[in-house]
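Everything numeric in this text was worked out from a predicted model, so none of it was measured. Order of the sequence lines fixes the chain letters, A, B, ..., with proteins taken first and strands second; residue numbering starts at 1 for each chain.
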Amino acid sequence: MSGRRARPVATEFFNRRPEDVAADIIGCTISFGGAGGVIVEAEAYGQRDPASHSFRGETPRCRSMFGPPGTIYVYRTYGLHWCLNLVTEPEGVGAAVLIRAIEPTHGVDRMRARRAGIDDDRLLCGGPGRLTQALAVDDSIDGLSLADAGLTIGERTAQLDVVGVPRIGISQATELPWRMVARGSRYLSRPIPRSSAA
DNA sequence: CGAATGATGGTCT
DNA sequence: GACCATCATTCGT
């Protein structure tokens with residue numbers, strides 16, 4: 001039960017453009033529900049971004065996206081998975097970063113229990129729905145601050161090589177390289193596309 | 001390897 | 001009524 005001790009990032013860390021936060025959050029630690037690891041994949045979603053829930057303005061679902069920097073936005077996708085986002089930019093601007101994959105470092109037994117039947121540890125948290133299941137994230141923390149939710153983002157502990165590639169699972173603005181990944185990580189939701197590998 | 005598919009239900013037009 | 005910021009499984013090469 002020994003967690004990492006990285007100092008939490010300051011709130012100002014999130015008060016920037018989502019693509020910058022997504023790039024800089026790679027290599028940071030995340031901890032929630034007695035488990036956590038190192039963030040190796042994150043995607044940016046902006047206010048003017050046709051792929052973003054906030055693109056057409058505030059609705060009941062995406063209301064949290066317009067909260068202050070560091071607000072948690074959790075939504076349900078495909079009727080059965082939760083996705084975890086962290087709001088960037090000032091209150092009133094609908095922008096966020098989707099946490100897509102982490103390398104598990106602590107509470108691994110808990111994660112294995114929550115993801116019963118998964119043998120390969122690379123699949124424990126390799127994907128937005130998988131990691132929320134492993135960390136026990138659900139909509140009960142939607143709209144909360146990190147502190148209120150007990151969700152910790154720790155300062156970067158490892159200097160990783162970050163690459164921006166096209167986002168996954170969207171049909172609009174697919175050319176934007178706003179999926180930020182740690183080059184060489186074995187824990188990504190999907191490999192870096194060949195066209196962007198070198 | 002990759003492509004195809006069912007599960008499952010909210011959200012928004 | 002269409003569209004999903006997904007996952008696990010099955011089937012084909």
Side-chain angles (χ1 to χ4, degrees), chain A residues 14 17-23 25-26 30 32 35 37 39-67 71-89 93-104 111-143 151 163-182 186-197:
Chain A
F14 295 101
R17 297 184 302 177
E19 61 270 37
D20 294 334
V21 176
I25 208 169
I26 303 301
I30 182 171
F32 183 78
I39 298 171
V40 294
E41 179 177 341
E43 283 180 356
Y45 287 89
Q47 169 82 75
R48 315 229 169 108
D49 171 7
S52 172
H53 291 166
S54 62
F55 182 62
R56 293 171 207 287
E58 188 175 329
T59 66
R61 175 180 61 167
C62 71
R63 183 177 64 252
S64 303
M65 271 188 93
F66 293 81
T71 298
I72 294 168
Y73 170 44
V74 175
Y75 68 91
R76 184 123 98 151
T77 190
Y78 293 98
L80 46 110
H81 302 291
W82 301 109
C83 287
L84 171 65
N85 300 254
L86 304 174
V87 172
T88 81
E89 306 221 49
V93 179
V97 166
L98 169 67
I99 309 300
R100 285 194 57 93
I102 73 181
E103 175 178 342
M111 297 196 232
R112 290 196 188 109
R114 291 169 183 149
R115 291 201 23 83
I118 303 300
D119 300 325
D120 188 345
D121 279 358
R122 294 157 68 170
L123 296 177
L124 276 184
C125 302
R130 291 167 176 155
L131 80 85
T132 54
Q133 189 180 354
L135 297 180
V137 164
D138 61 29
D139 67 339
S140 65
I141 63 171
D142 176 55
L151 175 62
V163 201
V165 300
R167 294 175 291 181
I168 290 176
I170 58 169
S171 53
Q172 304 281 320
T174 55
E175 73 288 349
L176 287 178
W178 281 6
R179 175 189 174 218
M180 307 298 177
V181 299
R186 299 168 50 244
Y187 294 89
L188 305 180
S189 66
R190 286 154 72 164
I192 299 173
R194 296 180 62 91
S195 53
S196 313

Original post:
At their closest point, which heavy atom of A:Ala95 faces which heavy atom of A:Gly46, and how far apart are they?
Top reply: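 Looking at all heavy atoms of both residues, the closest pair is CB-CA, 4.2 Å.
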Original post:
At their closest point, which heavy atom of A:Ile30 faces which heavy atom of A:Ile102, and how far apart are they?
Top reply: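 That would be CG2-CG2, 3.8 Å.
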Subject >> Contact interval (first through last nucleotide) of DNA chain B with protein chain A, 4.0 Å heavy-atom >> reply: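 Footprint of chain A along DNA chain B, 5' to 3': B:dA7 to B:dT13.
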Subject >> Range on DNA chain C touched by chain A - first to last nucleotide, heavy-atom distance under 4.0 Å >> reply: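 Range of nucleotides touched by chain A: C:dC4 to C:dA8.
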Subject >> Position toward the 5' end of DNA chain C (nearest nucleotide), A:Val97 or A:Ile118 >> reply: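 Of the two residues, A:Val97 wins.
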Subject >> 5'-most by nearest nucleotide on DNA chain C - A:Arg130 or A:Asn85 >> reply: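 Here A:Asn85 is the residue nearer the 5' end.
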Examine distances only and state if a side-chain atom of [X] and a backbone atom of [Y] form a donor-acceptor pair shorter than 3.5 Å.
X        : Y        : result
A:Thr88  : A:Val21  : no
A:Asp139 : A:Val74  : no
A:Arg114 : A:Ala134 : yes
A:Thr174 : A:Ser171 : no
A:Glu43  : A:Ile168 : yes

Which part of the nucleic acid does [X] contact within heavy-atom distance under 4.0 Å: base, sugar-phosphate only, or nothing?
X        : answer
A:Arg115 : sugar-phosphate
A:Gly79  : base
A:Ile170 : sugar-phosphate
A:Arg167 : nothing
A:Ser189 : nothing
A:Leu131 : nothing

Original post:
What side chain to side chain donor-acceptor pair (under 3.5 Å) pairs are there with at least one residue in residues 115-126 of chain A, not counting sequence neighbours?
Top reply: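 Every side chain to side chain donor-acceptor pair (under 3.5 Å) pair that includes a residue of residues 115-126 of chain A, provided the two are not neighbours, is A:Arg112-A:Asp121, A:Arg115-A:Gln133.
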Straight-line distance of [X] [atom1] to [Y] [atom2], nearest 0.5 Å:
X        : Y        : atom1 : atom2 : result
A:Arg167 : A:Trp178 : CZ    : CH2   : 6.0 Å
A:Arg100 : A:Arg130 : CZ    : CZ    : 9.5 Å
A:Trp82  : A:Asp142 : CH2   : CG    : 8.5 Å
A:Glu89  : A:Asp20  : CD    : CG    : 9.0 Å

**OP:** I would like to know whether A:Asn85 and A:Ile72 meet side-chain contact (heavy atoms from CB on, under 4.5 Å); could you show each step before the answer?
**Re:** CA-CA 6 Å; A:Asn85 300 254; A:Ile72 294 168; over 6 Å; no
Quiz: residues 54-63 of chain A side-chain donor-acceptor pairs under 3.5 angstrom, not counting sequence neighbours:
unit_1: A:Ser54; atom_1: OG; unit_2: A:Ser52; atom_2: OG; d: 2.8
unit_1: A:Ser54; atom_1: OG; unit_2: A:Gly94; atom_2: O; d: 2.6
unit_1: A:Arg63; atom_1: NH1; unit_2: A:Pro60; atom_2: O; d: 3.4

Subject >> Between B:dT8 and C:dG1 - P atom distance, rounded Å >> reply: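 Per the computed distance, 22 Å lies between those P atoms.
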Subject >> Runs of at least three Watson-Crick or G-U pairs with DNA chain C, cut-off 3.5 Å >> reply: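 Paired runs of 3+ in DNA chain C: B:1-7 with C:6-12, B:9-12 with C:1-4.
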**OP:** Enumerate the residues from residues 43-56 of chain A whose closest heavy atom to DNA chain B is under 4.0 Å, giving them by residue number; use none for an empty result.
**Re:**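 Going residue by residue through residues 43-56 of chain A, the ones with a heavy atom under 4.0 Å of DNA chain B turn out to be A:Arg56.
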